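In the text below, chain A, chain B and the rest are named by the order of the sequence lines, each starting its count at 1. Note that the structure is a prediction, hence the values are computed from the model and not measured.
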Number of protein chains: 2
Amino acid sequence: MPPTDPPPAAPTAPAPVGLRERKKAQTRAAIQHQAMRLFRESGYSATTMEQIAAAADVSPSTLYRYFPTKEDLILQDDYDPLLAAAFRAQPRNLPTLEAFRAAVFQAMAQIPHEDQEEALERAYLGYTIPEVRARAMDHMLVTANTLATLFAERLNRAPDELEVKVLAGTVIGALLAAQELWIADRSRNLFLLLDRALQCLINGPGDLAPADPQEA
Amino acid sequence: MPPTDPPPAAPTAPAPVGLRERKKAQTRAAIQHQAMRLFRESGYSATTMEQIAAAADVSPSTLYRYFPTKEDLILQDDYDPLLAAAFRAQPRNLPTLEAFRAAVFQAMAQIPHEDQEEALERAYLGYTIPEVRARAMDHMLVTANTLATLFAERLNRAPDELEVKVLAGTVIGALLAAQELWIADRSRNLFLLLDRALQCLINGPGDLAPADPQEA
DNA sequence: CAAAATTATGAGAGTAGCTTCCACTTAGAA
DNA sequence: TTCTAAGTGGAAGCTACTCTCATAATTTTG
């Protein structure tokens, strides 16, 4: 039911052991790296799949096997499982949203700094290029369902209960709000914005005072 | 900055007066109607743009002039201005979310029943076909910004304030939750689900009780 | 009412990404 | 070493989509 997932195995979860798996991960990384370089230098749409294949020293058919669509070159990563694990590890007495907020930061802390940089660059491209942004937004639906499942699990409720889904939805909405402000001014700290957005959900009554820009 | 919008004039807002405008609206409707029929009969991807053009009795180039992409055949409508107008017409003393809830139903009431049916069918297709869903989700961003502007206007705040954007984001999240439940079981009333989802936002503390499935 | 200006339409060729097919090579296991 | 399975490469086809220019219709103007 959820949207398309990358057929080839994800890069992180099961650390590659065999020689084959290692080469595969290597090829994937090389392709993605070269693609990002070309996008940076020549622009996304001006870069053809053939150019990327050539730069990464593989054939177009191989490229297509690793990244079924051009957008996947930007979108593919998989930090969601990391976040899920961090969330499950939160103490049960914490309110759901607080637990989520903590999980976000713990998960982020596990990602090497250089990978964070790259993820941010991909996030930016993923927002500015319409086709990619569309796919990225689509992935938000998957994330929303993942969140609903996690929340339901924690709350002893069904994942398809309206209230649970709404809660997950609001979190997604907060993420979007933070992301958008970051895109508008990338000198701001995305994670700080994210934290503040979640804080709005936590203490917010959902509604604001009409005129006064102050609410603590 | 917002995603691509349909270049040709929208069908609703300024009621077509001249002969030219009327013919244009007619052609647009014919194309979209034929496209939906073909999609229903043969499936989305199995239907080519040429077939649609032929069925609507126009040339492919004309088809592209009306609907720049295949997805637009499903996505194009413009009820957002209707909603905006309805929201602006709400009494100022109503809390923001309540005003929005009322606006949704007032706007919906203005849409002829048959058009509602068609909109629902398009919404369904727009969710089940991955490429289209991606574009639909992308449009959610535009809607989120529209909402932020409307809310900011009503609250005497800046539209790019985090709290305002978060509020708009949560509304989007609630809409998504309702839509998803409706997709899972289309015999349910989408607007009722939507209402309940918004209600969750209004009275919800944002967080739920852990074990008890009851909260009134 | 007729001519001019504006705008919609049609036809065609061209681009490029995605997708598929088949033959080949290479890595890992018995 | 031999068998098996998987990754790889080359080429071709399909189709969404773009661009240009000539033609036809509609509106406006004289």
message = Can you tell me if B:Y64 touches the phosphate of D:dC19, counting only side-chain N or O atoms and a distance under 4.0 Å to OP1 or OP2?
response = no
key: Short side-chain N/O contact from B:K24 to OP1 or OP2 of C:dA8, under 4.0 Å   = yes
query = Ignoring hydrogens and geometry, is there a side-chain-to-backbone donor-acceptor pair from A:E161 to A:R157 under 3.5 Å?
reply = no
note = Here the pair of heavy atoms bringing B:A35 nearest to B:L73 is CB-CD2, 3.9 Å
Find the distance [X]:[atom1] to [N]:[atom2] and express it as a whole number of Å.
X	N	atom1	atom2	answer
A:E131	D:dT18	CD	P	10 Å
B:R22	C:dT7	CZ	P	19 Å
B:F67	C:dT9	CZ	P	12 Å

ask   = For B:K23 and B:T47, take the nucleotide of DNA chain D holding the closest heavy atom to each; which residue's nucleotide lies nearer the 5' end?
value = B:T47
Under the 6.0 Å and 45° cation-pi test, does [X] pair with [Y]?
X	Y	value
A:K165	A:F151	no
A:K24	A:Y66	no
A:R28	A:F67	yes

Set out, line by line, the N/O atom pairs under 3.5 Å between protein and nucleotides 10-12 of chain C.
unit_1 : atom_1 : unit_2 : atom_2 : d
C:dG10 : OP2    : B:S59  : N      : 3.0
C:dG10 : OP2    : B:S59  : OG     : 3.3
C:dG10 : OP2    : B:T62  : OG1    : 2.6
C:dG10 : N7     : B:S61  : OG     : 3.3
C:dG10 : O6     : B:R65  : NH2    : 3.4
C:dA11 : N7     : B:S61  : OG     : 3.2

Degree of bending, the helix from C:dC1-D:dG30 to C:dA30-D:dT1 (end axes from five pairs; round to 10°) = 20°
